[in-house]
Amino acid sequence: MEWKNAREFEDILYHKGEGIAKVTINRPERRNAFRPKTVQEMYEAFLDAREDPTIGVILLTGAGPHTDGKYAFCSGGDQKIRGQAGYVDEGGVPRLNVLDLQKLIRSIPKVVIALVSGYAIGGGHVLHVVCDLTIAADNAIFGQTGPMVGSFDGGLGASYLARIVGQKKAREIWYLCRQYNAEEAMEMGLVNKVVPIDQLEAEGFQWGREIMEKSPLAIRSLKSAFNAELDGQMGIQELSGNATLLYYLSEEGSEGKNAFIEKRKPDFSKYPWLP
Ligand code: S0N
C-alpha cells in the first residue's frame with residue numbers, strides 16, 4: 001500500500017491512499033498518550049477526511065514500536081500535563097477535548113476502523129470502543145485505568161462499552177482495572193478480528209478496500225441507524241439527515257425546489273403514494 005502524506009502535524013501522522021485515510025497518533029515515548037494538541041490535530045484530520053468525498057474509510061492507529069520495543073495504540077490522556085480541570089494546553093487552558101473527538105468519530109458518515117497494537121488503555125481504550133470496527137494485533141492489551149489514576153469516562157466509555165460487552169463485563173473492566181489480551185477481547189466481542197502484528201495494517205487496509213466497494217449511501221445510512229437507537233434525539237437527527245439527503249437526490253424532492261425557482265406550483269401528481 002502506497003500512502004501519501006495528507007498534511008503535516010506535530011503529534012499525529014495523516015495519510016491517504018485509495019479512498020482510505022490513516023490517522024496515526026505519534027507519541028510513542030508516552031505510549032501514544034494524547035494531550036490537547038494531539039486531540040485537536042486528530043479532530044482536524046477526521047474533519048478533513050469527512051469533507052473529502054473520495055474518502056470512505058478512516059484507519060485510526062498508534063505509531064510504534066517505541067525505542068524500548070513496546071507498542072501502543074493509545075494510553076489515554078497525558079497524565080504529565082493533567083491539571084486541576086483537565087489536560088492543560090500550550091496556552092494554559094485545561095481541556096477535555098477528547099469528548100468532541102469521540103462524538104466526531106461516532107457521527108462521521110464514514111467507517112472508522114481502529115487498528116490496535118500494544119496498549120489501548122484508559123481514554124485510549126475508549127477511542128477504540130467508539131470506532132465502528134476494531135482489528136487487534138496479537139500483542140494488543142485492553143483496559144480502563146480511571147479508578148486507579150483518578151479519572152473516569154462515564155459517557156460513551158461506560159455506556160457504549162456496556163452495549164458492546166454487556167453490563168457485567170463493562171462493570172468488571174471499569175471496577176477492577178484489569179488488562180485483557182487480544183484473545184480475551186475477541187471472546188467478549190470487543191474486537192472484530194485478531195491478526196499477527198506484522199499483518200495489522202494490511203488487514204485494516206483490506207477491510208477498508210472491501211468497504212470501499214460497497215454503496216456509500218447504504219453504509220452511511222447503516223452507521224446512523226446503528227447509532228440512532230443509542231443516541232436519542234441526536235441519533236434520530238443523524239438518521240433523518242440521511243433520509244433528507246436521499247430525498248434531495250430524488251426527482252420528487254427536486255420538483256419542489258425547481259417549482260420554487262421557476263415560480264410555479266409544484267406538481268407532485270406523478271409521484272405515487274407507495275404502500
Ligand atoms: C500504558 C501502560 C499500561 C504501559 O505500561 P509500560 O509498558 O510499563 O510503560 P510505562 O513505563 O508505564 O510508560 C512508558 C512511558 O510512557 C509514559 N506514559 C505512559 N502512559 C502515559 C500517559 N497516559 N500519560 C503520560 N505519560 C504516559 C510513562 O510515564 C513512561 O515514560 P517515562 O519513563 O519517561 O516516565 C502504562 O504506561 C499506563 O498505565 N499508563 C497510564 C494509563 C492511564 O492511566 N491513562 C489515563 C487514563 N485516563 C484517561 O485517559 C482520561 C481520558 C479523558 O480524557 C476523559 C474522558 C472522559 C471523561 C473524563 C476524562 C478525563 O480526562 O478524566
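Whatever order the structure lists ligands and atoms in, that order sets their numbers, starting from 1. Since we're looking at a predicted model, the values are computed, not measured. Note that these values count all heavy atoms, side chains included, but never hydrogens, waters or copies made by symmetry.
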Chemist: Identify the protein heavy atom lying closest to atom 51 (C) of ligand 1, giving its residue, its atom name and the separation to 0.1 Å.
Modeler: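 That would be Tyr87 OH, 3.3 Å.
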Chemist: What's the spacing between Thr61 OG1 and Leu200 CG if we round to 0.5 Å?
Modeler: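 Reported value, rounded in 0.5 Å steps: 6.0 Å.
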Chemist: Measure Phe152 to ligand 1 on non-hydrogen atoms and call it side chain, backbone, both or neither using the 4.0 Å cut-off.
Modeler: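 For Phe152, only backbone atoms sit under 4.0 Å from ligand 1.
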Chemist: Of Gly118, Ala72, Ser151, Gly154, which has the heavy atom at the shortest distance from atom 63 (O) of ligand 1?
Modeler: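 Among Gly118, Ala72, Ser151, Gly154, the closest heavy atom to atom 63 (O) of ligand 1 comes from Ser151.
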Chemist: Suppose we measure from atom 4 (C) of ligand 1 to each protein heavy atom; which comes out shortest, and what is that distance?
Modeler: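 Atom 4 (C) of ligand 1 sits closest to the protein heavy atom Tyr119 CE1, 3.5 Å.
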Chemist: Give the residue, atom name and distance (to 0.1 Å) of the protein heavy atom nearest atom 44 (O) of ligand 1.
Modeler: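 Nearest protein contact, heavy atoms only, for atom 44 (O) of ligand 1 is Thr145 OG1, 2.9 Å.
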Chemist: Should the proximity of Ile141 to ligand 1, defined as any heavy atom under 4.0 Å, be assigned to the side chain, the backbone, both, or neither?
Modeler: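 It is neither part, as no heavy atom is under 4.0 Å.
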Chemist: With a cut-off of 4.0 Å, which atoms of ligand 1 are near a heavy atom of Gly76?
Modeler: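 With Gly76 as reference, the close atoms of ligand 1 come out as 50 (O).
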Chemist: What do we get for Leu99 next to ligand 1 when only non-hydrogen atoms under 4.0 Å count, side chain, backbone, both or neither?
Modeler: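 The side chain, only.
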Chemist: Show which atoms of ligand 1 fall inside a sub-4.0 Å distance from at least one heavy-atom site of Gln179.
Modeler: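 So the atoms of ligand 1 that pass are 3 (C).
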Chemist: Check whether the side chains of Arg220 and Asn242 place a donor and an acceptor atom closer than 3.5 Å, and report yes or no.
Modeler: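 Yes, a side-chain donor-acceptor pair sits under 3.5 Å.
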Chemist: Check Glu238 with Arg106, please: is the shortest side-chain N to carboxylate O separation under 4.0 Å?
Modeler: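 Salt bridge flag = no for Glu238 with Arg106.
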Chemist: Going by atom types alone, do Tyr271 and Glu251 pair a side-chain donor with an acceptor below 3.5 Å?
Modeler: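 Per modelled atom types, Tyr271 and Glu251 side chains form a pair under 3.5 Å.
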Chemist: Any idea which atoms of ligand 1 are less than 4.0 Å away from a heavy-atom of Lys70?
Modeler: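 Taking each heavy atom of Lys70 in turn, ligand 1 has 6 (P), 7 (O), 8 (O) under 4.0 Å.
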Chemist: Can you pull out the closest protein heavy atom to atom 27 (C) of ligand 1? Residue, atom name and distance to 0.1 Å, please.
Modeler: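 The answer is Arg30 O, 3.8 Å.
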Chemist: What protein heavy atom sits nearest atom 37 (O) of ligand 1, and how far away is it?
Modeler: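 Scanning the protein heavy atoms, the shortest distance from atom 37 (O) of ligand 1 goes to Arg31 CG, 4.3 Å.
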Chemist: For atom 42 (C) of ligand 1, what's the nearest protein heavy-atom neighbour? Residue, atom name and distance, please.
Modeler: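 Here the closest protein heavy atom is Ser75 O, 3.5 Å.
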Chemist: May I ask you to identify the nearest protein heavy atom to atom 35 (O) of ligand 1, giving residue, atom name and distance to one decimal place in Å?
Modeler: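 It is Lys80 NZ, 2.9 Å.
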Chemist: Show me which atoms of ligand 1 lie under 4.0 Å from any heavy atom of Ile121.
Modeler: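 The list of qualifying atoms is 42 (C).
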